[in-house]
Each structure stands twice: as C-alpha cells, then as structure tokens.
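Taking it in order: structure first as structure tokens, then the write-up.
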Amino acid sequence: MEFTWTSEHRDLRVAVRRLMTTRAPVDRARALAADGVRHDTELWATMAEQLGLQALDVPEEHGGVGGSLVDVAVVLEEMGAVLHGGPFLSTAVLAVEVLRELAPVADAAGDLLGRIAEGGATVAVALAEDGRAWSPGTVRTTATGPTSDGAVRLTGTKQLVLDGADADLLLVLARTDAGARWCLVDGTADGVTRERQEGLDLTRPSATVRLADAPGQVLGDLDGVAVADRVRSVASVLLAAEQVGAAAEVVRRTAEHATTRRQFGRPVGSFQGVKHRLADMAVRVEMARSAAYWAAFQERGSADLELGALVARSYCSDALLQTAKDCIQLHGGIGFTWEHDAHLFLRRARLDATLLGDTRHARERLLAHTHPDLQGVS
Amino acid sequence: MSTATTTSSTGTGTGSDPGARRARALDAARAVVASHPPTSTPRRAFLEACFDAGLAWVHFPEGLGGLGAEPGVQAAVDEILQGAGGPIPFWLNPMGYGMAAPTVLDHGSAELSERLLRPLYVCDELWCQLFSEPGAGSDLAGLATRAEKVGDEWVVSGQKVWTSSAHLARWALLLARTDPDQPKHRGLTYFVLDMHGPGVEVRPLRQMTGEAEFNEVHLTEARIPDSHRLGEVGEGWRVAMTTLMNERSAIGGGSSVRGSGSIGSALRLWRSRPDLHTPELRARLVELFARADAARLTGDRFRIEQGDRPAGAEGSIGKLTGAELNQEVYEFCLDVLGPDAALYSGYGPPDETDETDETGGPGGPGGEPVEDYGRLFLRSRANTIEGGTSEVLRNILGERLLGLPGDVRVDTGKPWREVPRG
C-alpha cells in the first residue's frame, strides 16, 4: 500500500543521509563547481562499496539488488537535500532505466547494467538536441550502416547531456533506417567531442556532445521513442523525489534563519508576514512529498505510475521553484549574496524545470491522460 | 462531578484480550446486520439495535453504546454496518456523534451519559455546539457569554453565532465564562445546555448565498443544572480541546477518490461545455487538478502515516489547502461560464430536498444537470474562515510544525476582564 514505510526504507535513508552530509554537503558541491572538477570519484566508489547505491535500481539478474522505486526515491531525496550533482541521476537512474528496457533484447545492455551496479562505469544519456528539449520523436542525430554485429557510425549534436563531459560511456538516441534506436558510444572514441556547458545550475554539470562519424553500437531493435517515454515516467518520479529533498532542506534552512535572525528586537519568524510565507513553503513540500511518493509506490509500467509521474512532475517542480524563491526573499539581503547557498537551490530548481520535457508539457499530457475527452481545445 | 474521571472512554470492557474484544465486536456487528437488515429496517430501529449491541462507539463501556474494545475496531465494525447499507451516524448527528458523545462520557457523570447517549445515537435528540461568538472568532478563548452559579444552577447570558442545526437541536455543547478575573483560558467552563429550556432563542443567520445554514443563539438567563457541567469549573478550555481532538478522529475515514470534490465539479463543467474551452482555461484547470491531487494524496498519506496516533499540526494542512483550492476551483468555474456566470439560481428559501451542494443549477445547453456554480463560488468564501481561518492555520503550522516563535501577545496572564475586546 502507498505510504507504508518499512524499517529498510528508514535505514536506507539514515545511511544515505549520513554519507551525503559528511562527504557531499552543499559546500562540497560548491567547491567542485569552483574547481571545475565535476565528479567525486572517491564518493562514487564509496556509494558502491559501502551502500551499493548504484545497484539499487538494477535488477538482480543483471547483478543488482532489484530495489523498489521507493528505495531509489529515498536515495534521490537525500541527494536533493545536499544538491548533489554527481553522476547518480545520469548513470544510476536515467541510464539504468534505459538499459533495463533494452536488456531483454541486447546482451550488451545487461552487461553494462552489471558494470554500473558495481560502481564500475558512469553512463550519460544523450537525448536532447538543438531545442534542448526531451523530445525523442524529433531527434536528428543519425546512426548509419548497422552491421550484423550492430556497429554504427553516429553524427549529430546532443545538448544538455547530464554528466556528459565526464561519463565513461554515452547512451545516444539516434535515427536509423529502422527508426529511432538507442546506441552505446565510448566517451573517448574518435569523432566524439564533449564540451562542458556553462549552466544556470552550478551544481549539476551538463555538456554538449558532438558526434562526427563516431563509432557506436545499436542496443537491440526496440523503438527508441517508446523506450524514452517509459524512462521519462520513472525518471520524473525520481527527479520529483530529489526535488522534495531539496525543497524540504530549503524550508529547514529558512525556518532556522527566521528563528535566529532578529529585527525590531524579535526573531523575524514571529512576524506573520514571514511566518505565513514559511507555512506555505512547508505545505508545498508536504504536498510535493505526497505526489512524488505516491507515484514511487506504483508498479513500474502501470498506468498509475504514468499518471502519478505526471502529477508529480506537474506539481513538484513548481513547488521547489517557488520554495527556492521564497527562501531568498525570507533571507533578505544575505540571501542574494554569492556566498549564501540560496541561489544554488534556485538554480537547481530552474534547471530541473526544463529536464525530461518541461513541466508545461507534463501538464498538457496530464489532462490528456486523466481525461482523454477533455483534450479538444482549438 | 465526582465521577468525571472515573469513567474512562477505553478499556472498561470484559477483561479479555484485545483480539477477543475485536472478534466479539465484529461478531456483534454481523449479528445486528443479520437480525436488522439495514435496507429493510427503519433507521431508528437499526440504530437502536447497534447501540444496544455496543456498536455505537465500540471503545465506550458496555451499556453506554460500547463494548470496551480498542477505538481502532470501530472502522472494521462500520465497514460491516455501512457495507450492509447502514447509515453513517456521524452525518446524522455530527456534533452529537463526533463531539458530544465522547465529551459527555469522559467529563460528565454516569447518570448524564445514561440519559444522553442513546437518544443522541438513535437521533431522537440532535446536538449543536455553542462556541463562537460575535466577539470571539479566532480568539475563541476570549468569549464573553457569562455563566454564574446561583444555588445549584448556572444562569447563562450571552450570544453565540455560526451554530449549525441550532433550530433542530435538543442539546448544545456550551462554553461559557465562569470567572472573568482569571486569564482567558482559565475562566471557562463547559456545559450541556437544554435548547428547549427558557431563555434560549434561536434566530436563523442569513449568509451571503441567500440561505441560512447557521443560526445565532441568544441566551437570556438560561438555566443549567450543575449536574450538566462537563469537567471542573475553570477547566472548560481543556475539555474543549479534547472535544476537538475527538471530532478529528471521528471524521477520519478512508481513502479519497481522484477527481472528486470541487475539482470533480470543475471537470464536469469542463466536459459539459466544450464550447467554452480556451487554452488559458485549460492551463488553469490542469494546474488546479495537479494541486488538488497532491492535496488529496497528502490527506491519504497523513492518515496512513498517523495510524492510531493523535493528529499533529500537519492536520491543519488539509484544511488550509482544501479551503483555498475550493475557492480557486469555483472561481475557475465562473470564469469558464463567462457571461452565464452573471445569473444566480435564486434567493428563495433553500430547497429542503437539496441536501448536497451539487445540484439545482440552471442546466446546460443540452438540458443536462449542471451544478450551481454561482452558489458554490459564494459559499466557498467561507471555507477559509470556518473551522479555523487560514491565517490561524498558518500560525499553527509556522509555530508547531516549523518551530517558529509565537507572535508577541498582549493578553497573556492578564485577567480576561482587563483585555480590550471588540
């Protein structure tokens, strides 16, 4: 049943929180960004060795632990609280979800899942192109001449590839004569050029990936667009959980500020103008938490999961954005400084709103999904 | 009131273990359904059978509508009774079933419980609540209705307001000031008032929709025997708080349905009037839908996470979000209707058969029933006021959920008499 928390959920949360707050606090995310080092390889190894986090979403037959979506959501929530920007979302969520779809028809996908599960590979998912939107139906990158063993040559430009400059491997959605297919490309292969993007979000790195006759491999004969659509549903739920973690942390920090900051001889949180805005922030977080976790409790591939994903995507992204804006307002001048973390949360919120097909599109699909008869608007 | 604390609302049963008490309650429920099939038995006879079998409030003592079982057993019993077509007692006598019964049991004498509980449950006697006053809304503890002890009676004068069902009720839960020289919370006492006694005048209060859902109740030297006092003199606030907590657990209930409530009303309108669709309205509708669903799921989540524990401050979230959503949803509906929203369905006396708030509109272009959106729009303005204003709820959330400091108060510790009012 939804919202039934087990001791395993709680233990996992405690363990991930301990790891993230000690090894990857927001200060660390800030330092990595400042140094241009985007990937904490030691942390990545610890995640795999001590907690097995990369194996959570990987099915057992591919060397993972086959955890539930709720387990993964708990991990993402704790990562959101510290604005973690490492390769977990790109590799252990997006790439794993694509590979899970492909594994039944491509041995290489199953093998790669095993490597990810043990923390041995990072994989970036390259879908968006010039418009930077998650629009799998319109990709123009080509994969030509599949040979009998699936070898292809890829040409095209991918945008907003999360962790794209650092990942070992790239999962590229490209057009073949047979339709859109997912292809695996080595990040260091000839013909692959990767540039870090100067992003609005400082703590989640992304890259432009140019492919010029780059060698790759088609992973099976599945409709790549349908795969992308299913992946988007699951990833939307998990991204929403990450947003819940970030938003809850924003509320916690803002409430702490309002309790300690004094003006007119009183803590500013005693003024209703401040208190009421904070109450609204807290309400938003609780509603977002309900939407994200209800979806996470649904069965993978079910209509309920898809619907829950659309509700979560429609609600949680805006919830984090508004909460981050309120945080800056309630911190006053200090909240506008570079040194304060408030802007890092706002930046993350803004980036998130554009990922996986933006929230506007999620709303369009939500009404169509819930009430197909309500679509007809001229 | 020597028995006030000796009658407990739990654990006075047979001394058997909880599992046996549960099994006994469920057996009793099945037996009542078999002997008094609710679909073919008059409502009163069915309720009498339930009460006498101890199924009214299973955690009450035997003989007073209960079996001394654990409170959590009630849900399973209700499933049997209501599953067979039995009525939902809470909705028949909301103030009585949800608030008065547990308060009388916990804070009144055994004689009072014996006199009041059975007629309450079988709806021979309806109840109302005399709390709010013209001068005491959000600041309920500042209320001014006076009760003075004269001999063995209390003499009560003052005015109450926003009383549902006052014109139908036989009994009222009354909160009155017995000591104006104490700080406001400490000078209150809780009573059961006979609404049919002298000095009680009920006047309907017409609201902005044109109807009169509520009443004003004027008390002019109304008399209450001391045996109808609930709790000790000066303990009224504490008793009222336990009453309000009981109300919450009585309402409880199961999981909600996606797309029901006010958003369901908006979706029905949207479906019935495709001629009025615009992209701007569509965007608003789907934003409201997502928000309504997140709110609905939050209610479900709190119910599941809370289990048998008493509700915390997060309980205020449902009231706050539900009220504001209702207002926005009905505003949306009027925007959809455009010029049609200029019409109103009527200001005459309310239709007695109209027990829901979802009928009675002028009908769509094809003659299909369309809800009374103008009335719903106006009625929803009260949602952010009644049962705790949104401002008070935000204070509660800020202070109890987030731990923010309270506002500076000027009445703390001051005798009620010296606090400015108006």
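Remember, it's a predicted structure, so these values are computed and weren't measured experimentally. In what follows, chains carry the letters A, B, and so on, assigned in the order in which the sequence lines appear, proteins first and then strands, with residues in each chain numbered from 1.
- For A:Tyr293 and A:Glu77, the side-chain atoms include at least one donor-acceptor pair closer than 3.5 Å.
- For A:Met1, the part sitting under 4.5 Å from any heavy atom of chain B is the side chain, from C-beta outward, and nothing else.
- Here A:Ser270 is the residue among A:Ala279, A:Ser270, A:Ala362, A:Ala258 with the most heavy-atom pairs under 4.5 Å with chain B.
- Both the backbone and the side chain of A:Arg289 come within less than 4.5 Å of a heavy atom of chain B.
- Interface remark: of the candidates A:Ala255, A:Cys316, A:Ala291, A:Ala255 forms the most heavy-atom pairs closer than 4.5 Å to chain B.
- For A:Val251, the part sitting under 4.5 Å from any heavy atom of chain B is the side chain, from C-beta outward, and nothing else.
- The choice from B:Leu281, B:Asp293, B:Leu320 that makes the most heavy-atom pairs within less than 4.5 Å of chain A is B:Asp293.
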Chi angles and distances behind the salt bridge (charged side-chain N to carboxylate O under 4.0 Å, His left out) call for B:Arg301, B:Glu305: CA-CA 6 Å; B:Arg301 180 163 68 86; B:Glu305 291 177 350; 3.3 Å; yes

Walk me through it: do B:Ser390 and B:Thr384 pass the test side-chain hydrogen bond (donor to acceptor under 3.5 Å, both in side chains)? CA-CA 5 Å; B:Ser390 294; B:Thr384 48; 4.7 Å; no

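- Between the side chains of A:Ser314 and A:Arg363, no donor N or O sits under 3.5 Å from an acceptor N or O.
- Shown here for B:Gly403 and A:Thr259, the closest heavy-atom pair between the two residues is O-OG1, 4.2 Å.
- Using a 4.5 Å cut-off between heavy atoms, A:Glu364 contacts chain B through both its backbone and its side chain.
- Among the candidates A:Arg266, A:Gln272, A:Glu256, A:Glu2, the residue making the largest number of heavy-atom pairs closer than 4.5 Å to chain B is A:Arg266.
- Each of B:Ile396, B:Asn395, B:Leu401, B:Leu393 has some count of heavy-atom pairs under 4.5 Å with chain A, and the biggest count is that of B:Asn395.
- The contact between B:Ile304 and chain A is made entirely by side chain atoms (from C-beta outward), counting heavy-atom distances below 4.5 Å.
- At least one donor-acceptor pair under 3.5 Å links the side chain of A:Arg348 to the backbone N or O of A:Leu83.
- Top candidate by heavy-atom pairs under 4.5 Å with chain B, chosen from A:Trp294, A:Tyr315, A:Phe271, is A:Trp294.
- For A:Leu307, the part sitting under 4.5 Å from any heavy atom of chain B is the side chain, from C-beta outward, and nothing else.
- Contact of the A:Glu249 side chain with the A:Phe345 side chain is registered, since non-hydrogen atoms from C-beta on lie closer than 4.5 Å.
- Ranked by non-hydrogen atom pairs under 4.5 Å with chain B, the options A:Val283, A:Asp318, A:Leu310 are led by A:Val283.
- Cation-pi check for B:Arg282 over B:Trp270 is not met; the charged atom does not lie both under 6.0 angstrom from the ring centroid and within 45 degrees of its normal.
- Using a 30° and 60° split on the angle between ring planes, A:Trp5 and A:His9 fall in the perpendicular class, above 60°.
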